2 protein chains.
Amino acid sequence: MIQKNRELIYEGRLFKVMGVTLQTPEGKDVRRDVIEHPGAACIVPMLDKDTVLLIEQWRIGAKKSLWEIPAGTLDPGEDPLACAARELKEETGYTAGKLEHLFTMYPSPGILDEKMHIFLATDLRPGKTNFDEDEQITAKPFSFRDLRIQLKANNIKDGKTIAALGYLFTFKPWLGEAT
Amino acid sequence: MIQKNRELIYEGRLFKVMGVTLQTPEGKDVRRDVIEHPGAACIVPMLDKDTVLLIEQWRIGAKKSLWEIPAGTLDPGEDPLACAARELKEETGYTAGKLEHLFTMYPSPGILDEKMHIFLATDLRPGKTNFDEDEQITAKPFSFRDLRIQLKANNIKDGKTIAALGYLFTFKPWLGEAT
């Protein structure tokens, strides 16, 4: 697909809607809308090798509170790793001695250009939080055993959190070995 | 949070943008935008206990082709299970003898109300595909061993596919036992 035209339809605080004209491989023009988002850094904070800190916050897309890994939107030009360190500190107060990139994903690539960069944070040191205005955040530690139970029961409903925890259970089985 | 007002800002083919006024627990009014989407059914098609069928399709949100589990948007009033059966048939030609709901997730709940319902499809019978207009879909079988390699290398970048595969590796380890 070749992009022939891209125009702003709506600009909100967190995203833009763009109207795009694409040329198909057959040479036909098709019109699509896409939501532009700056992207996000998402962090799995390990308090120790068996304990993950999740946060609970009210989400407009769910019309309720969800348990999630900490995450936040990239500032213009910001490196995802720097954003991960900043958001971890803002939302939980912790500073990570080590931040490891696990994977990057498109949460809904048919309509949204957001990229989520997922990091594992270890060697945590506590400190003061610094929530964004209008963020109401509660943090709670979960054992790996409890996280498996909550995932299986679908009590965790946030996509990035399900993806990140499934990834850790698959590729980092030595985490949680205390259980 | 209590919703006090909700008004249409933009209506596109696949989503709407709504302007919402919320009242915080402290009684303050805040203005937010949210993207409304009908929701989607997503299917992990198991050709046998070691083989998953993925599809490759060009995605406007990624500006490239992604490998994904089959998925599609719910029709108005459509049950997610019925949608899963329909989309599996349309995109791969297969009919599932068994469709098991694994979990439901919000892919980007800070801006988007889309719910993705993830199903495991087994006892597959082949048939004719029926792609939507302007869908260009290539299907390819992957072994569980290969999927682990592709996930670890982050060659799979679609969020629902990472979440679904991580879930299966965590909770259905007897799948893929031929590897």
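Letters A, B, ... mirror the listed sequences (proteins, then strands); counts begin at 1. Treat the numbers as computed from the prediction; the structure is a model and nothing was measured. Values below: all heavy atoms of this structure, side chains included; hydrogens, waters and symmetry mates excluded.
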**OP:** Identify which of B:Ala62, B:Gly12, B:Pro25, B:Ala40 forms the greatest number of heavy-atom pairs closer than 4.5 Å to chain A.
**Re:** B:Ala62
Subject >> Residue pair A:Tyr10, B:Asp33: steps toward the side-chain contact (heavy atoms from CB on, under 4.5 Å) verdict >> reply: CA-CA 11 Å; A:Tyr10 173 72; B:Asp33 294 332; 2.7 Å; yes
Subject >> Joint hydrophobic cluster, B:Ile149 plus B:Val52, side-chain heavy atoms closer than 4.5 Å >> reply: no
Original post:
So does A:Lys89 have more than 12 non-hydrogen atoms from other groups sitting under 6.0 Å from NZ?
Top reply: yes
Original post:
Taking the side chain as C-beta and beyond, is there a heavy-atom pair between A:Met105 and B:Asp158 under 4.5 Å?
Top reply: no
**OP:** Evaluate the criterion side-chain contact (heavy atoms from CB on, under 4.5 Å) for residue pair A:Met1 and B:Lys64; output intermediate values, then yes/no.
**Re:** CA-CA 8 Å; A:Met1 297 279 208; B:Lys64 62 186 172 195; over 6 Å; no
Original post:
In the single-linkage hydrophobic clustering (I, L, V, M, F, W, Y; side-chain heavy atoms under 4.5 Å), do B:Trp174 and B:Phe169 co-cluster?
Top reply: yes
**OP:** Output the option from B:Arg31, B:Gln3, B:Arg6, B:His37 having the highest count of non-hydrogen pairs under 4.5 Å with chain A.
**Re:** B:Arg6
Original post:
chain A heavy atoms under 4.5 Å from B:Phe103: which part of the residue, side chain, backbone, both or neither?
Top reply: both
Subject >> Contact class of B:Ile118 relative to chain A, heavy atoms under 4.5 angstrom >> reply: neither
**OP:** Mind listing the closest non-hydrogen atom pair of B:Ile162 and A:Ala163 along with its distance?
**Re:** CG2-CB, 4.0 Å
**OP:** State yes or no: do B:Leu88 and B:Phe142 share one hydrophobic cluster built from I, L, V, M, F, W and Y residues joined by side-chain heavy-atom distances below 4.5 Å, directly or via other members?
**Re:** no
Original post:
Are B:Leu99 and B:Val44 connected in a single hydrophobic cluster, I mean Ile/Leu/Val/Met/Phe/Trp/Tyr linked by side-chain heavy atoms less than 4.5 Å apart?
Top reply: no
**OP:** Could you tell me whether the side chain of B:Met116 reaches within less than 4.5 Å of the side chain of A:Ser108, counting heavy atoms only?
**Re:** yes
Subject >> Region of B:Leu168 in contact with chain A, defined by heavy-atom distances below 4.5 Å >> reply: neither
Original post:
Quick one: what part of B:Asn154 sits under 4.5 Å from any heavy atom of chain A, side chain, backbone, both or neither?
Top reply: side chain
**OP:** Specify which of A:Lys115, A:Lys63, A:Glu36 makes the most heavy-atom pairs with chain B at under 4.5 Å.
**Re:** A:Lys63
**OP:** Answer yes or no for B:Lys152 and A:Phe171: cation-pi contact, defined as NZ/CZ to six-membered ring centre under 6.0 Å and angle to ring axis within 45°.
**Re:** yes
Original post:
Where do B:Glu68 and A:Pro109 come nearest, in terms of heavy atoms and distance?
Top reply: OE2-CG, 4.1 Å
Original post:
Linking I/L/V/M/F/W/Y whenever their side-chain heavy atoms sit closer than 4.5 Å, directly or via other members, would B:Leu165 and B:Trp67 fall into one cluster?
Top reply: yes
Original post:
Is chain A contacted by the side chain of B:Phe15, its backbone, both, or neither, given a heavy-atom distance below 4.5 Å?
Top reply: side chain
Subject >> Leading residue by heavy atom contact count with chain B [cutoff under 4.5 Å; candidates A:Ile35, A:Leu66, A:Leu151, A:Leu14] >> reply: A:Ile35
**OP:** Under the side-chain contact (heavy atoms from CB on, under 4.5 Å) rule, what do A:Lys157 and B:Thr104 come out as? Steps first, then yes or no, please.
**Re:** CA-CA 6 Å; A:Lys157 298 180 197 296; B:Thr104 292; over 6 Å; no
Subject >> Gap separating the CH2 atom of B:Trp58 from the OG1 atom of A:Thr24, nearest 0.5 angstrom >> reply: 11.0 Å
Original post:
B:Ile111 and side chain to side chain contact (heavy atoms under 4.5 Å, CB included): which partner among A:Ile60, A:Leu112, A:Thr73?
Top reply: A:Leu112
